[in-house]
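None of these values were measured; they are calculated from a predicted model. To find a chain, count down the sequence lines: A is the first, B the second, and so on, and within it residues start at 1. Below, each value reflects all heavy atoms present in this structure, side chains not excepted, and no hydrogens, waters or symmetry copies.
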Amino acid sequence: MLEIKDLHVYFGVIHAIKGVSLTVNDGEIVTLIGANGAGKTTTLRTLSGLKKPSSGDIILDGINITYTSVQQRVKMGISHVPEGRRVFSTMTVLENLELGAYLRKDKAAIAKDLNMVFDLFPILSDRRKQMAGTLSGGEQQMLAIGRALMSRPKILLLDEPSMGLAPLLVQEIFNIIRDVNKAGTTVLLVEQNANMALQIAHRAYILEIGSIVLSGSSEELMKSEDIKKAYLGG
Amino acid sequence: MKQLLQQIINGISLGSIYALIALGYTMVYGIIKLINFAHGDVYMIGAYVGYFCMTKLKLGFLPSLFVAMIICTVLGVAIEKIAYKPLRNTTRIAALITAIGVSLLLEYGTMFFVTANVRTYPPMTGILTRTFQIGDVIISMQQILILIITVILMILLQFIVKKTKIGKAMRAVSLDRDAAELMGINVDTTISFTFAIGSALAGAAGILVGMYYNSINPLMGILPGLKAFVAAVLGGIGIIPGAMIGGYLIGIIEVFVSGYGYSLYRDAVVFAILILILIIKPAGLLGRNTGEKV
Ligand SMILES: Nc1ncnc2c1ncn2[C@@H]1O[C@H](COP(=O)(O)OP(=O)(O)OP(=O)(O)O)[C@@H](O)[C@H]1O
Ligand SMILES: [Mg+2]
């Protein structure tokens with residue numbers, strides 16, 4: 001469904017992404033794991049169109065989208081939950097969710113999806129009139145995911161959803177990611193928390209300073225000695 | 001007491017004008033973090049458009065108001081597209097200097113076309129000439145009209161910003177441009193729309209001032225522009241209700257200072273207030289000094 005071919009991204013003279021290629025198949029959860037500064041966020045931002053690559057191709061369902069606008073990509077079914085959640089702090093939970101459906105016009109279906117999000121995250125339903133900035137970190141993460149789902153994406157890009165959350169909450173969020181995937185949404189999950197990510201992902205790529213150094217099924221990678229040492233704390 | 005009430009009424013008229021201009025400053029600042037120094041000149045253009053509509057085209061007041069708002073909308077959007085948009089990803093100081101350049105261009109460009117002479121608005125006719133006496137206080141029909149138009153425009157603005165899709169997009173872009181873009185919001189369109197609304201309000205302020213004070217000139221936007229900017233900072237720059245409150249406060253304070261015989265110092269007082277606010281509450285009356293929760 002989504003394919004990146006030999007992607008290069010620069011920030012001025014900094015060569016942040018050095019020829020990354022990866023594939024996400026329909027229905028999969030694929031995780032991209034890497035340490036601080038490896039280039040995970042940059043990869044996702046290039047996928048959603050916020051950052052322009054210097055070369056390489058991004059292909060979604062056979063269509064080359066490397067040079068299309070962010071808007072166009074949202075329309076085509078890419079939804080990006082950015083690092084640090086980035087909810088609209090002085091807007092209500094409901095307004096945040098409505099903005100997720102900004103490009104849609106099918107009112108009835110939007111209402112249905114809103115209920116779907118509230119079923120997924122009942123706490124958001126209780127807080128719908130509350131300012132997003134007053135939510136806890138975990139609730140904000142739920143809102144960011146819910147907001148992204150409101151565009152009815154084919155593929156969901158998640159940037160470190162576990163960041164700054166207590167282990168129990170991380171578990172909860174990851175369970176929901178798995179549910180969302182089971183309901184038919186393909187997921188590309190960026191994480192530093194390799195342990196958790198490998199547990200829900202089908203396949204994984206390991207990114208080190210801008211290059212993919214290893215890839216394979218999650219089971220394979222969990223057994224690999226190198227991965228254990230570098231990313232799984234043992 | 002009579003004196004006090006009369007001053008408040010006069011202050012509300014002047015404050016309405018400042019508030020209308022301040023709204024444009026604050027919305028533009030909110031969305032692109034630029035102090036649009038050319039905004040006071042858009043107000044001046046509004047006054048001239050109103051003048052020509054009423055004298056040359058013989059239009060009535062309300063149609064003239066409408067035309068002034070439309071022309072200022074177009075002008076504001078053009079300024080943004082031509083002068084500011086190409087600089088959006090450069091430094092803020094570059095955009096600020098450009099804004100000062102646009103301001104000078106509008107002032108002296110206008111002078112080139114209409115000369116530097118002061119022009120006098122045509123005398124109002126019919127119902128607009130009436131005044132009312134309530135107790136010892138005198139209210140003119142023009143003052144009532146200023147207030148009514150300002151209140152209608154503010155309600156309309158609140159409605160747009162709070163309830164409509166483009167208004168929500170404006171708030172979203174102000175809060176977090178990247179996140180807004182990820183929602184599929186067209187950031188360029190949203191910024192243009194913000195300039196459009198701010199400029200329309202400035203245009204309305206321009207023609208209201210022409211009607212109220214009669215005389216207009218190409219440099220008339222400088223001082224009210226600065227004071228409206230002070231009003232926006234006073235209320236908390238980027239905050240819409242803040243600009244309204246700030247505008248009325250500055251208007252009323254200025255009228256009081258003049259009314260009690262210190263007319264020479266009224267501008268000094270306004271800027272002294274700005275300095276004081278910046279020292280005591282840098283984020284303005286409605287502004288929060290704390291950062292956002294992460
Ligand atoms: N706006 C920027 N300007 C300059 N360099 C940048 C910018 N954003 C990222 N970089 C650089 O690009 C590289 C990759 O950064 P990126 O944010 O993609 O890493 P990451 O894997 O997401 O890290 P983290 O786990 O800390 O979020 C880093 O060396 C970083 O310093
Ligand atoms: Mg990152």
Side-chain angles (χ1 to χ4, degrees), chain A residues 41 44-45 47-52 69-92 94-105 107 110 131-137 139-141 143-144 147-148 150-153 156-157 159 163-164, chain B residues 26-27 29-33 85 88-91 158-194 235-243 283-294:
Chain A
T41 298
L44 285 198
R45 287 174 64 87
L47 281 177
S48 59
L50 287 173
K51 177 79 190 152
K52 299 277 166 269
S69 67
V70 180
Q71 258 180 310
Q72 205 56 43
R73 294 185 207 196
V74 175
K75 264 189 203 148
M76 294 174 80
I78 296 183
S79 197
H80 178 177
V81 180
E83 183 174 61
R85 325 184 218 294
R86 311 278 286 265
V87 295
F88 300 110
S89 58
T90 57
M91 298 176 86
T92 65
L94 189 61
E95 284 175 327
N96 268 270
L97 292 172
E98 283 168 357
L99 280 170
Y102 190 79
L103 289 176
R104 295 173 58 186
K105 302 207 158 55
K107 280 222 167 76
I110 293 173
M131 292 295 163
T134 64
L135 299 179
S136 75
E139 289 161 356
Q140 288 190 15
Q141 186 61 269
L143 179 56
R147 184 179 68 177
M150 288 301 292
S151 68
R152 277 222 175 156
L156 193 62
L157 313 177
D159 198 342
M163 193 166 65
Chain B
T26 230
M27 286 193 293
Y29 184 86
I31 206 153
I32 55 170
K33 304 289 174 275
K85 193 176 163 206
R88 205 172 289 155
N89 295 318
T90 61
T91 58
Q158 280 298 321
F159 174 79
I160 291 173
V161 171
K162 293 272 181 226
K163 300 287 179 209
T164 66
K165 207 163 174 177
I166 184 81
K168 286 177 190 174
M170 272 170 65
R171 283 189 285 150
V173 175
S174 297
L175 288 167
D176 188 330
R177 188 185 299 178
D178 279 351
E181 211 170 345
L182 289 178
M183 302 298 106
I185 292 170
N186 185 328
V187 172
D188 287 342
T189 311
T190 310
I191 292 173
S192 292
F193 187 77
T194 307
I237 190 121
I239 304 169
I240 287 176
L285 292 177
L286 301 189
R288 274 169 305 196
N289 289 323
T290 52
E292 234 91 73
K293 190 170 176 178
V294 191

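The distance from atom NZ of B:Lys168 to atom OG1 of A:Thr92, rounded to the nearest 0.5 Å, is 7.5 Å. Note: B:Glu181 CD to A:His80 NE2 = 12.0 Å, rounded to the nearest 0.5 Å.
Taking all atoms of both residues into account, the shortest heavy-atom contact from A:Gln71 to B:Asn186 is NE2-CB, 3.5 Å. Summarising the geometry of A:Leu99 relative to B:Ala172, their closest heavy-atom pair is CD1-CB, 3.7 Å, with the distance given to 0.1 Å. Of all heavy-atom pairs spanning B:Gly184 and A:Leu103, the tightest one is O-CD2, 3.4 Å. In terms of heavy atoms, B:Leu175 sits closest to A:Thr90 at CD2-OG1, 3.3 Å. Minimum interatomic distance between A:Glu95 and B:Lys162 (heavy atoms only, all atoms of both residues): OE2-O, 4.0 Å.
Within the 4.5 angstrom heavy-atom criterion, only side-chain atoms of A:Arg45, from C-beta onward, approach chain B. For a residue to count as touching a neighbouring chain, one of its non-hydrogen atoms must lie under 4.5 Å from one of that chain's; by this rule A:Glu98 touches chain B with the side chain only.
You'll find the side chain of B:Asp178 stays beyond 4.5 Å of the side chain of A:Pro82, heavy atoms only. Within the 4.5 Å cutoff, side-chain heavy atoms of A:Val70 are placed close to those of B:Leu182.
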